[in-house]
There are 2 protein chains.
Amino acid sequence: MTGQVRTVDGRVAGRRGQATRQKLLDCLSEMLSSSPYRDVKVIDVARKAGTSPATFYQYFPDVEGAVLELAEQMAAEGAGLAGVLEDGSWIGRAGWQTAQNLVDGFLDFWRRNDALLRVVDLGAAEGDKRFARIRAKILNSVTGSLTATITELQSKGRIDKDANPAAVAGALVAMLASVASHQKGFQGVKPAELKPNLALLVHLGVTGKKPTR
Amino acid sequence: MTGQVRTVDGRVAGRRGQATRQKLLDCLSEMLSSSPYRDVKVIDVARKAGTSPATFYQYFPDVEGAVLELAEQMAAEGAGLAGVLEDGSWIGRAGWQTAQNLVDGFLDFWRRNDALLRVVDLGAAEGDKRFARIRAKILNSVTGSLTATITELQSKGRIDKDANPAAVAGALVAMLASVASHQKGFQGVKPAELKPNLALLVHLGVTGKKPTR
DNA sequence: ACTTGTCCTGTCATGCCGTCAGCTTACCGA
DNA sequence: TCGGTAAGCTGACGGCATGACAGGACAAGT
């Protein structure tokens with residue numbers, strides 16, 4: 001599927017080349033965590049990797065191109081976010097647990113990849129199709145699963161007939177994503193206290209009623 | 001309170017100076033809407049304003065500084081976002097209306113200022129205190145009002161005692177902000193269809209029960 | 001040892017950044 | 001009307017990042 005790793009000028013990358021490439025990606029990832037996206041320069045990444053800017057440009061067209069590569073890797077991992085939902089029930093006490101698991105998994109994933117996710121979010125919001133696709137890939141696994149659950153519960157008449165399952169699911173997931181990336185900015189609310197409240201909202205949105213704890 | 005407008009090197013700005021300054025801000029605003037934040041250069045803004053880069057640096061320390069200025073102006077306007085909530089009831093049919101009004105106002109404000117809000121969001125997420133403060137200023141008016149409402153309803157026993165009003169309100173507002181900035185990215189859900197569903201979630205989160213339409 | 005293709009870097013033209021000295025313009029009091 | 005003073009603007013410059021290329025270093029096979 002991925003084919004061979006290629007340099008910008010078309011050569012196939014060998015063992016050493018791939019190592020250098022990966023090292024550049026790792027250093028870029030670090031830089032993203034430590035300085036504003038706008039200030040991340042090719043030359044800094046190259047220096048950190050103990051190589052030269054010219055080498056960087058052999059493997060990536062520019063900083064954005066390299067970020068996209070990192071994001072793809074992350075998206076592949078993040079597609080498994082919905083794993084929690086596969087075998088999770090939304091009925092009774094189990095529903096509360098499922099909601100909690102979802103929130104936990106989400107916040108955890110976000111904390112591990114916050115710097116990269118910020119950039120992906122920005123790119124997507126700016127209308128860049130490539131970033132939007134990656135963002136969708138990450139979120140869709142969860143949104144899709146939630147949509148299915150809501151649709152099912154809706155057919156049982158528990159939820160407002162007028163509600164659009166996809167819209168509700170998308171909004172809930174957006175909420176999780178947004179809260180996750182601004183966790184520190186919640187003045188007066190401790191992170192530990194945030195989780196159950198998010199779970200409460202998710203449960204409310206999905207099932208239409210308060211959780212049984 | 002605001003004091004006089006001053007140049008970077010301490011001179012007080014007169015009529016002409018303020019006009020130039022404002023023109024630079026306007027052009028910056030346009031550039032933010034039309035190109036990725038990362039690619040907005042001082043020289044482009046200056047050219048667009050029919051002046052030189054040196055002039056730009058007379059009024060702002062850098063691009064970020066100018067963006068902060070724009071954001072402050074926006075925050076002043078956005079602080080009125082909660083106006084809808086002041087005289088809005090959350091009881092019965094009126095509650096549904098209030099929720100809809102809130103969603104409407106929010107999405108509208110976001111659409112009018114999307115480019116700037118993206119940058120503020122990024123800055124805040126990256127940990128920049130100045131951007132975080134501005135973001136809080138915009139959101140707090142709404143969050144605060146919602147928190148009060150939830151607290152009140154909670155005392156009447158309608159909502160889960162364990163819920164933290166501030167956390168729930170914050171999460172709902174974050175949801176609105178996030179959805180607003182990714183409106184185009186909601187595949188398969190039309191914007192018009194999005195609103196009532198957001199209102200539904202807000203109503204559910206605030207009052208704990210389905211709206212009466 | 002020689003060939004071949006991968007891998008890296010020195011170097012260069014170009015362009016943006018951020019600063020300064022110095023010029024022009026507007027305002028004001030005499 | 002006429003300087004004087006401060007505001008306002010810009011050309012020009014050193015510094016640094018970008019992005020391209022050609023050529024040298026290196027590993028592997030023969």
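By convention in this document, chain letters (A, B, ...) are assigned in the order of the sequence lines, proteins followed by strands, and residues within each chain are numbered from 1.
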* To do: Could you state the atom-to-atom distance from CD of Gln4(B) to C1' of dA7(D) in whole Å?
  => 13 Å
* Near DNA chain C, under 4.0 Å by heavy atom, which residues of residues 43-63 of chain A? -> Thr51(A), Ser52(A), Ala54(A), Thr55(A), Gln58(A), Tyr59(A)
* **Any Thr20(B) side-chain nitrogen or oxygen under 4.0 Å from OP1 or OP2 of dG8(D)** => no
* Asked: Counting N and O atoms only, with roles assigned by atom type, does the side chain of Ser29(A) sit under 3.5 Å from a partner on the main chain of Leu25(A), one being a donor and the other an acceptor?
  -> no
* Could you pick out which residue, Arg38(B) or Gln18(B), lies toward the 5' side of DNA chain D when each is mapped onto its nearest nucleotide? => Gln18(B)
* Reading DNA chain C 5' to 3', which nucleotide is the first, and which the last, to come under 4.0 Å of any heavy atom in chain A? -> dT6(C) to dG10(C)
* To do: State whether Arg21(B) places a side-chain N or O below 4.0 Å from either non-bridging phosphate oxygen (OP1 or OP2) of dG8(D).
  => no
* Output yes when Asp108(B) and Arg112(B) qualify as a salt bridge under the 4.0 Å nitrogen-oxygen rule, no when they do not. => yes
* Any Lys/Arg nitrogen of Arg38(A) or Glu126(B) sitting under 4.0 Å from an Asp/Glu carboxylate oxygen of the other? -> no
* To do: Would you sort out whether Trp96(B) and Gln100(B) count as a side-chain contact (heavy atoms from CB on, under 4.5 Å), showing the intermediate values?
  => CA-CA 6 Å; Trp96(B) 176 237; Gln100(B) 281 180 305; 3.4 Å; yes
* **Salt-bridge present (Asp44(A), Lys41(A); N to O < 4.0 Å)** => no
* List in chain and number order the residues that pass salt bridge (charged side-chain N to carboxylate O under 4.0 Å, His left out) with Asp104(A), two or more places apart in sequence or in another chain; answer none if no residue qualifies. => Lys195(A)
* Determine the contact category for Arg11(B): base if any of its heavy atoms lies under 4.0 Å from a base atom, sugar-phosphate if only primed atoms, P, OP1 or OP2 are that close, otherwise nothing. => base
* Between Arg15(A) and Val8(A), who's closer to the 5' end of DNA chain D by nearest nucleotide? -> Val8(A)
* Salt bridge flag under 4.0 Å for residues Asp9(B) and Arg11(B) -> yes
* To do: Indicate the atoms forming the closest heavy-atom contact of Ala46(B) with Leu24(B), along with that distance.
  => CA-CD2, 4.2 Å
